[in-house]
Amino acid sequence: MPNNSIIFGLLLTLIGVIGYVYGLTSGHASPTALIPAAFGIVLAILGLAAKAKEDMRRHLMHAAVLIGLLGFIMTAGRLLMKINELTLGAAVISQISMAVVCLLFVILAVRSFVDARRGND
């Protein structure tokens, strides 16, 4: 599970950096484009810490899932609130990407937790 946290963290960081760089090139750069990167950095750090501190792994992975869940809820909620006004631009694509990546991470994490609870891990 720590490896998943690192991989998904890197994906979110990439989404944020690409969104920000695209904003710079189009003249519409906004620091909010880096929000996925902030979530990604936290996920990656939690994954790395879980690999380094085996005794804290469970707690760190639960914290990572909480970050992933918050990332999904925040972006999906924002998209749903503005569903009638959405135009498929860079910001919306970034938000959809973040929501999907966070949701996939949460699903994989919950599955891993259930397997560990059952003793399959």
Side-chain angles (χ1 to χ4, degrees):
M1 194 60 218
N3 289 334
N4 284 345
S5 183
I6 295 166
I7 291 167
F8 281 87
L10 291 175
L11 283 172
L12 287 170
T13 303
L14 189 62
I15 291 167
V17 169
I18 288 172
Y20 187 74
V21 169
Y22 176 80
L24 285 175
T25 60
S26 67
H28 297 95
S30 172
T32 58
L34 293 170
I35 291 172
F39 276 81
I41 289 168
V42 172
L43 276 183
I45 288 171
L46 288 169
L48 290 169
K51 286 180 86 164
K53 301 246 182 208
E54 188 65 33
D55 57 325
M56 292 293 294
R57 180 178 176 182
R58 179 180 294 173
H59 301 297
L60 293 167
M61 288 299 89
H62 280 88
V65 172
L66 180 61
I67 297 298
L69 185 60
L70 286 173
F72 171 72
I73 290 171
M74 287 172 52
T75 54
R78 182 163 172 80
L79 288 167
L80 287 175
M81 286 190 320
K82 298 189 174 218
I83 192 91
N84 294 329
E85 307 166 17
L86 292 179
T87 57
L88 197 59
V92 172
I93 291 170
S94 179
Q95 290 174 6
I96 291 170
S97 300
M98 180 175 172
V100 168
V101 169
C102 286
L103 180 61
L104 288 174
F105 175 72
V106 170
I107 289 169
L108 289 175
V110 168
R111 213 169 130 201
S112 173
F113 294 161
V114 169
D115 287 347
R117 182 78 172 169
R118 289 183 182 159
N120 297 336
D121 191 40

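- A donor-acceptor contact shorter than 3.5 Å is absent between the side chain of Ser112 and the backbone of Leu108.
- Residues Met98 and Val101 fail the side-chain proximity criterion, which asks for heavy atoms closer than 4.5 Å.
- We find the OG1-CD1 distance between Thr13 and Ile6 to be 11.5 Å, quoted to the nearest 0.5 Å.
- No continuous path of hydrophobic side-chain contacts links Val21 to Leu34 [ILVMFWY only; heavy atoms under 4.5 Å].
- Hydrophobic clustering of Ile, Leu, Val, Met, Phe, Trp and Tyr side chains at less than 4.5 Å, counting indirect connections, keeps Phe39 apart from Tyr20.
- Here Thr32 pairs with Ser30, Ile35 under the side chain to side chain contact (heavy atoms under 4.5 Å, CB included) rule; sequence neighbours left out.
- Judged as a side chain to side chain contact (heavy atoms under 4.5 Å, CB included), and not counting sequence neighbours, the contacts of Tyr22 are Thr25, Ser26, Ala90.
- A continuous path of ILVMFWY side-chain contacts below 4.5 Å connects Met56 to Leu43, so both sit in one hydrophobic cluster.
- For the residue pair Met1 and Ala109, the shortest heavy atom distance occurs at CE-CB, 3.3 Å.
- Connectivity analysis of hydrophobic side chains (ILVMFWY, heavy atoms under 4.5 Å, direct or indirect) links Ile45 to Ile41.
- Aromatic ring orientation, Phe113 versus His62: parallel (interplanar angle below 30°, classes split at 30° and 60°).
- The same ILVMFWY cluster, assembled from side-chain heavy atoms under 4.5 Å apart, contains both Val42 and Leu104.
- Take Leu14 and apply the side chain to side chain contact (heavy atoms under 4.5 Å, CB included) test, not counting sequence neighbours, and it matches Ile18.
- Rounding to the nearest 0.5 Å places CZ of Phe105 at 9.5 Å from CG of Leu12.
- In this structure, the separation between OG on Ser5 and CG on Leu10 is 9.5 Å, given to the nearest 0.5 Å.
- In this structure, the separation between CG on Asn4 and CG on Leu11 is 10.5 Å, given to the nearest 0.5 Å.
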For residues 65-80, dump all side-chain donor-acceptor pairs below 3.5 Å to protein atoms at least two apart in sequence or in another chain.
{"unit_1": "Thr75", "atom_1": "OG1", "unit_2": "Gly71", "atom_2": "O", "d": "2.8"}
{"unit_1": "Thr75", "atom_1": "OG1", "unit_2": "Phe72", "atom_2": "O", "d": "3.3"}

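- Residue pairs satisfying the salt bridge (charged side-chain N to carboxylate O under 4.0 Å, His left out) criterion with at least one member in residues 27-54, sequence neighbours excluded, are listed as follows: Glu54-Arg57.
- There is a path of hydrophobic side-chain contacts, each under 4.5 Å, that joins Leu103 to Val110.
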